[in-house]
There are 2 protein chains.
Amino acid sequence: MGISDTALHQQGLTASKDAFINHWGEMGTSWGVPRSMAEIHALLFIEGRGMCTDEIMDRLQISRGNVSTTLRQLAEWGIVTRARQRGDRKDYYEAEQDVWTLLSLIVRARKRRELEPLLAALAEAKHLAPIPSRDDSKAEKQAQKDHLKRLDSMDDALKRLDRLSDRFIGRGGKGLDVAVRLLASLL
Amino acid sequence: MGISDTALHQQGLTASKDAFINHWGEMGTSWGVPRSMAEIHALLFIEGRGMCTDEIMDRLQISRGNVSTTLRQLAEWGIVTRARQRGDRKDYYEAEQDVWTLLSLIVRARKRRELEPLLAALAEAKHLAPIPSRDDSKAEKQAQKDHLKRLDSMDDALKRLDRLSDRFIGRGGKGLDVAVRLLASLL
DNA sequence: TTGAAATTTCAGAATAAATTGAAATCAAAG
DNA sequence: CTTTGATTTCAATTTATTCTGAAATTTCAA
């Protein structure tokens with residue numbers, strides 16, 4: 001007895017989904033995202049419906065603990081939403097389906113976790129930088145000046161990006177889309 | 001005998017540089033960049049002068065092999081430049097000093113290594129997706145249609161980003177700066 | 001050529017990160 | 001309550017990545 005008609009028909013669909021999931025997971029690793037997290041997200045995105053822990057575990061061959069932890073993180077970032085289904089005790093999760101909103105959420109999360117601490121670090125480095133004093137040699141004063149200039153140029157650029165992202169990524173979600181269209185039309 | 005006058009004066013400068021290097025290295029790890037690579041780059045940036053392998057090894061306490069390999073990669077990406085100094089057999093490396101050019105180079109490298117393969121993957125997934133046939137049920141046809149729509153929306157967004165980055169990051173380096181100023185002024 | 005000085009390579013060691021799985025906890029239904 | 005099903009936690013393990021260091025190679029001046 002061969003596989004069912006439905007299975008046959010779904011073959012291509014499943015193959016296509018798997019390809020997407022695998023590559024998305026692969027890319028995750030080079031962006032510092034655990035493979036399983038990227039895979040879970042890819043699965044939820046490409047299925048486009050709520051899924052429970054067990055279904056995800058089965059489909060991706062990932063442990064319960066991993067799925068639970070990962071799902072919670074994705075939900076924290078707003079990339080997936082948790083929902084209960086009537087008469088069912090399980091939690092179901094589904095992924096944001098609008099790609100620009102998705103990208104915005106990712107950028108927002110990384111900005112908070114990484115850009116902001118970096119800006120704080122730059123402030124610290126500036127604070128530690130020596131203030132030129134009367135008895136510094138000319139060469140020393142120049143070195144101190146150059147050093148501050150480097151810190152400032154980095155700080156300026158990152159602050160600018162920070163403010164920009166606040167505007168375009170803030171509330172809503174379509175801001176990124178608008179920004180990209182705007183830029184594209186301007187050149 | 002205490003430390004020299006010069007050392008005393010340089011104390012604050014060195015502390016500030018170290019702070020910058022440490023935090024930059026830290027951030028590297030969360031972006032999938034090896035700590036030592038981020039540190040080497042930070043050192044070259046903040047020193048703003050050519051440095052040879054041995055000086056980098058000593059300052060950062062990193063092995064020769066690691067420094068050699070890392071420097072080559074950074075040079076490949078165009079983020080550091082290799083230069084000979086007259087009458088000296090050693091290679092000296094210095095980092096791009098313009099922050100916007102630096103960011104452009106980083107974006108360009110990641111785009112090539114990560115965005116482009118992902119676009120290829122999406123093309124593959126589309127290729128694998130089933131073509132609706134006469135004897136598919138209505139539900140199946142709908143599922144296939146929805147699936148393609150998801151792949152397309154992801155593909156569109158990433159392609160748009162790809163094209164945008166080509167424009168703003170392409171040759172020159174100041175494109176990103178211009179783009180960011182432009183956007184900032186528009187809102 | 002030759003040899004000193006520098007760089008590169010890469011197998012193995014060290015480190016860091018992700019994943020598992022089972023026990024503990026929690027929550028809803030009876 | 002208590003029971004059952006689901007989720008969370010986390011120490012131990014596995015896996016992946018990064019780093020080292022010494023040998024091999026390259027480079028260049030003499």
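Protein chains get the first letters and strands the later ones, always in sequence-line order, with residue 1 at the start of each.
Between B:D166 and B:K111 there is a salt bridge, since at least one side-chain N of the basic residue sits less than 4.0 Å from a carboxylate O of the acidic one.
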What side-chain donor-acceptor pairs closer than 3.5 Å can you find for residues 121-131 of chain A, not counting sequence neighbours?
residue, atom, partner, partner atom, Å
A:E124, OE1, B:H23, NE2, 2.9
A:K126, NZ, A:D152, OD1, 2.8
A:K126, NZ, A:D155, OD2, 2.9

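For the helix from C:dT1-D:dA30 to C:dG30-D:dC1, the end axes, each set by the C1' atoms of five terminal pairs, are bent relative to each other by 30° (nearest 10°).
The side-chain hydrogen bond (donor to acceptor under 3.5 Å, both in side chains) check on A:Q85 picks up nothing, with sequence neighbours excluded. Every residue two or more places apart in sequence or in another chain that forms a side-chain hydrogen bond (donor to acceptor under 3.5 Å, both in side chains) with B:T70 is listed here: B:N66. Scanning for salt bridge (Lys or Arg N to Asp or Glu O under 4.0 Å) contacts around A:R150 gives an empty result, with sequence neighbours left out. Under the side-chain hydrogen bond (donor to acceptor under 3.5 Å, both in side chains) criterion, A:R72 pairs with no residue at all, not counting sequence neighbours. Contacts of B:D98 classified as side-chain hydrogen bond (donor to acceptor under 3.5 Å, both in side chains), with partners at least two apart in sequence or in another chain: B:T101, B:K174. Partners of B:L161 by side-chain contact (heavy atoms from CB on, under 4.5 Å), not counting sequence neighbours, listed by chain and number: A:W100, A:L103, A:V180, B:L158.
Of the listed residues (A:I106, A:L164, A:V107), just one forms a side-chain contact (heavy atoms from CB on, under 4.5 Å) with A:I169, and that residue is A:V107.
Remark: B:R84 in residues 80-88 of chain B come within less than 4.0 Å of DNA chain D through at least one heavy atom. In the region residues 50-68 of chain B, proximity to DNA chain C at under 4.0 angstrom, judged on heavy atoms, holds for B:T53, B:R64, B:G65, B:S68. Within a heavy-atom distance below 4.0 Å of DNA chain C, no residue of residues 22-39 of chain B is found.
A:L60 and A:M57 fall within a single hydrophobic cluster, where Ile, Leu, Val, Met, Phe, Trp and Tyr are joined by side-chain heavy atoms under 4.5 Å apart, directly or via other members.
Put simply, CG on B:L71 is 14 Å from P on D:dC19, counting in whole angstrom units. For B:D91 and C:dA6, the CG to P distance is 10 Å, given to the nearest whole Å. Rounded to whole angstrom, the span from the CZ atom of B:R72 across to the P atom of C:dA6 amounts to 19 Å. Residue B:Q73 contributes atom CD, which lies 15 Å from atom P of C:dC10 at whole-angstrom precision.
Remark: A:K141 NZ is packed, more than 12 non-hydrogen atoms of other residues, nucleotides or ligands lying under 6.0 Å away. Heavy atoms of other residues, nucleotides or ligands lying less than 6.0 angstrom from CZ of A:R112 number 12 at most.
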Report the C-alpha separation of B:D146 and B:Q142 in whole Å, then their side-chain angles, then the decisive distance to 0.1 Å, and conclude whether the side-chain hydrogen bond (donor to acceptor under 3.5 Å, both in side chains) test is met.
-> CA-CA 6 Å; B:D146 289 348; B:Q142 186 60 44; 2.9 Å; yes
I'd like a list of close polar pairs between nucleotides 1-5 of chain C and the protein, N/O only, cut-off under 3.5 Å.
residue, atom, partner, partner atom, Å
C:dA4, N3, B:R89, NH2, 2.9

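The main-chain N or O of A:D58 is found under 3.5 Å from a side-chain atom of A:Q61 such that the two form a donor-acceptor pair.
With contacts defined as side-chain heavy-atom distances shorter than 4.5 Å, the pair B:E96/B:W77 does not qualify.
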